[in-house]
K.L.:
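Please see the structure below; I have some questions.
Note that the numbering runs from 1 along the sequence shown for the chain. Remember, it's a predicted structure, so these values are computed and weren't measured experimentally.
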Amino acid sequence: MGKLKCFEIIMSENKTVFHPGEKVVGKVVVELKGDMKMRSLRIFMRGVAKVHWTESRSTGSRLGSYTEHYNAEVEYFFKRQVLFGGEVSEGRDTLLEGRHEFNFNFELPMGGISTSFEGKHGSIRYWLKAEMDKPWSFNHKTKKAFTVISPIDINKPEYQTCVQSSAETTLCCWLCTSGPISITARSDRRGYCAGESIAVSAEFDNHSSRTVIPYATLYQTQAFFASGKTRVRRTKFTVLTGLPVAPGTRGNWESQLLKIPAVSPSIMNCCVMKVDYYIKVALHIPGAYNLTMHLPIVIGTVPFRRGTFRFPEPHFFRENQRHFDSVDYLPIPPPYRETITPPPPFDDPPTYHESVGGAVNIWDDEDDDPRYNMGDLTYTPMYTYVYNYRPPPAYSEEDPNPVQICEVPAIRSAAEDV
């Protein structure tokens with residue numbers, strides 16, 4: 001890079017996670033091995049949500065098929081500051097040899113911005129980019145991404161209600177029809193944070209002649225919207241597997257725990273994508289389709305503060321099945337709009353954990369040749385993670401129906417497009 005020895009963005013106190021309305025403060029460090037002429041040194045802060053996917057289309061003729069692209073974009077903000085030099089492009093200034101530090105200070109919008117997210121067909125991304133505007137030469141750039149978390153307080157009443165549902169089926173073999181097989185299940189509440197455990201209670205009635213196996217799975221649904229089309233991707237995370245339920249018997253789960261890994265909070269305020277979660281409670285039926293039902297939940301950012309919820313007696317399920325409503329877990333996303341609601345305060349400083357999706361490369365078409373970009377183009381989102389959650393025990397030694405807990409590590413291989 002010639003005279004340029006160091007060109008990087010350093011955040012104040014090494015902070016990499018922010019909430020709406022917070023200040024993004026830091027410095028740009030430039031170290032030169034000789035004097036350098038430039039028009040200006042600028043820094044930009046940008047937030048944008050992008051969606052892109054392709055689909056193959058057949059022409060119905062000898063021409064074969066073609067690829068159709070679907071794109072959508074929402075820019076949340078674009079801010080800039082001049083750190084050295086001036087706005088006039090004809091100007092010439094000389095930055096002397098040595099180490100220089102230039103402070104910057106931006107403020108994030110109070111509302112209308114979504115949580116950072118890296119998905120299969122789109123992303124919500126926030127970053128800083130510093131640029132040296134050099135006369136008669138390529139501009140040098142450095143880039144640094146950071147995480148923004150739009151607060152969802154799961155202590156609100158709408159996230160404290162239980163989610164419950166039921167499903168039933170019968171098996172047919174020639175002219176014979178078996179007795180019904182049914183599931184009735186509920187979660188202890190609707191809202192959780194990553195790191196917590198979902199307490200699932202359920203009843204499995206098996207009046208058929210086959211042995212069935214109960215299990216529960218935590219799923220994430222990513223929905224992307226562009227040009228009037230929707231692309232959906234589902235990813236499987238943690239799994240619980242129970243003991244078999246023999247013919248003519250009933251199985252029970254009492255507050256069995258389903259661990260939530262470091263996943264993105266639910267995203268409900270972006271018009272080009274939506275991130276939802278649900279628990280699939282199911283019975284594996286040999287030789288037939290599995291019986292399944294969904295319990296939609298919300299992953300928030302402000303941890304649960306009050307005491308542990310106590311479940312009613314199991315007969316509660318049977319007496320209230322008529323009140324169970326089926327839930328569409330992919331509604332039309334709300335329109336994008338600015339809000340001025342301040343983020344809720346934290347009781348204690350939040351703890352953050354790297355996303356289970358891992359690191360991504362943030363280079364895009366707006367970036368120049370990587371040879372002239374000195375920034376770190378790898379980025380891993382950081383999400384609120386609750387380490388000190390103490391739920392009730394999953395089961396005791398006297399529990400007749402213990403549950404095996406299995407966390408699925410290969411998350412990418414467990415995902416599917418719909």
Side-chain angles (χ1 to χ4, degrees), residues 162-188 197-221 232-261 263 276-297 311 314 317-318 321 324-330 394-396 399-418:
C162 302
V163 181
Q164 52 198 17
S165 187
S166 63
E168 183 176 298
T169 189
T170 56
L171 305 180
C172 296
C173 182
W174 296 99
L175 299 178
C176 299
T177 302
S178 73
I181 301 174
S182 65
I183 304 172
T184 304
R186 63 185 278 137
S187 62
D188 55 331
S197 294
I198 306 165
V200 180
S201 291
E203 290 184 355
F204 308 99
D205 289 318
N206 182 14
H207 297 286
S208 73
S209 59
R210 307 180 192 183
T211 298
V212 298
I213 301 175
Y215 64 94
T217 312
L218 175 63
Y219 275 89
Q220 179 195 75
T221 301
V232 177
R233 181 176 176 83
R234 296 189 181 98
T235 304
K236 178 170 66 176
F237 293 102
T238 317
V239 178
L240 296 177
T241 303
L243 294 178
V245 181
T249 63
R250 169 182 293 168
N252 290 290
W253 282 0
E254 292 293 338
S255 300
Q256 306 298 340
L257 299 181
L258 196 64
K259 183 74 172 181
I260 304 173
V263 294
D276 288 319
Y277 294 88
Y278 66 91
I279 308 160
K280 183 175 83 171
V281 184
L283 284 171
H284 172 68
I285 307 173
Y289 290 108
N290 292 346
L291 177 63
T292 65
M293 48 152 289
H294 293 167
L295 301 176
I297 63 170
F311 280 101
F317 298 120
R318 296 188 293 275
Q321 287 190 28
F324 294 167
D325 297 322
S326 60
V327 181
D328 180 6
Y329 56 90
L330 270 182
Y395 58 87
S396 64
D399 192 337
N401 292 287
V403 172
Q404 300 173 353
I405 301 178
C406 173
E407 295 194 10
V408 179
I411 292 169
R412 297 185 186 276
S413 63
E416 58 181 2
D417 287 328
V418 179

K.L.:
Side chains of Pro296 and Val163, heavy atoms from C-beta outward: is any pair under 4.5 Å?
P.N.:
yes

K.L.:
Would the distance check show the side chain of Thr238 and the main-chain N or O of Lys259 forming a donor-acceptor pair, the cut-off being under 3.5 Å?
P.N.:
yes

K.L.:
Would you sort out whether Thr170 and Ile181 count as a side chain to side chain contact (heavy atoms under 4.5 Å, CB included), showing the intermediate values?
P.N.:
CA-CA 6 Å; Thr170 56; Ile181 301 174; over 6 Å; no

K.L.:
Quick one: list whatever passes side-chain contact (heavy atoms from CB on, under 4.5 Å) with Ser209, sequence neighbours left out.
P.N.:
none

K.L.:
How far does OH of Tyr278 sit from CZ of Arg234, to the nearest 0.5 angstrom?
P.N.:
5.0 Å

K.L.:
Could you tell me the separation between the CD1 atom of Ile260 and the CG atom of Leu218, rounded to the nearest 0.5 Å?
P.N.:
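The CG atom of Leu218 is 6.0 Å from CD1 of Ile260, to the nearest 0.5 Å.
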
K.L.:
Any donor and acceptor pair, going by atom type alone, linking the side chain of Arg186 with main-chain N or O of Val200 inside 3.5 Å?
P.N.:
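Judged by distance alone, no pair lies under 3.5 Å.
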
K.L.:
When you measure from the side chain of Ser187 to the backbone N and O of Cys162, does any donor-acceptor pair fall under 3.5 Å?
P.N.:
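Checking the backbone N and O of Cys162 against the side chain of Ser187, no donor-acceptor pair under 3.5 Å is found.
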
K.L.:
Starting at CZ of Arg250, measure out to CD of Glu203 and round the result to the nearest 0.5 Å.
P.N.:
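If we round to the nearest 0.5 Å, Arg250:CZ and Glu203:CD are 5.0 Å apart.
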
K.L.:
Kindly write out the residues that satisfy side-chain hydrogen bond (donor to acceptor under 3.5 Å, both in side chains) with Ser208, not counting sequence neighbours, or none if the list is empty.
P.N.:
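Once residues adjacent in sequence are excluded, the partners of Ser208 under the side-chain hydrogen bond (donor to acceptor under 3.5 Å, both in side chains) criterion are Asn206.
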
K.L.:
Check step by step if side chain to side chain contact (heavy atoms under 4.5 Å, CB included) holds for Ile213 and Thr241.
P.N.:
CA-CA 8 Å; Ile213 301 175; Thr241 303; 4.2 Å; yes

K.L.:
Can you measure from CZ (Phe204) to CH2 (Trp253) and round to the nearest 0.5 angstrom?
P.N.:
4.5 Å

K.L.:
Who pairs with Ser182 by side-chain contact (heavy atoms from CB on, under 4.5 Å), at least two apart in sequence or on another chain?
P.N.:
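Ser182 satisfies side-chain contact (heavy atoms from CB on, under 4.5 Å) with Glu168, Asp205 once adjacent residues are dropped.
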
K.L.:
Starting at OH of Tyr219, measure out to CD1 of Ile279 and round the result to the nearest 0.5 Å.
P.N.:
12.5 Å

K.L.:
OG of Ser165 to CG of Leu295: how many Å apart, nearest 0.5 Å?
P.N.:
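These two atoms lie 6.5 Å from each other.
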
K.L.:
List the residues meeting side-chain hydrogen bond (donor to acceptor under 3.5 Å, both in side chains) with His284, not counting sequence neighbours, and say none if there are none.
P.N.:
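Here the qualifying residues are Asn290.
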
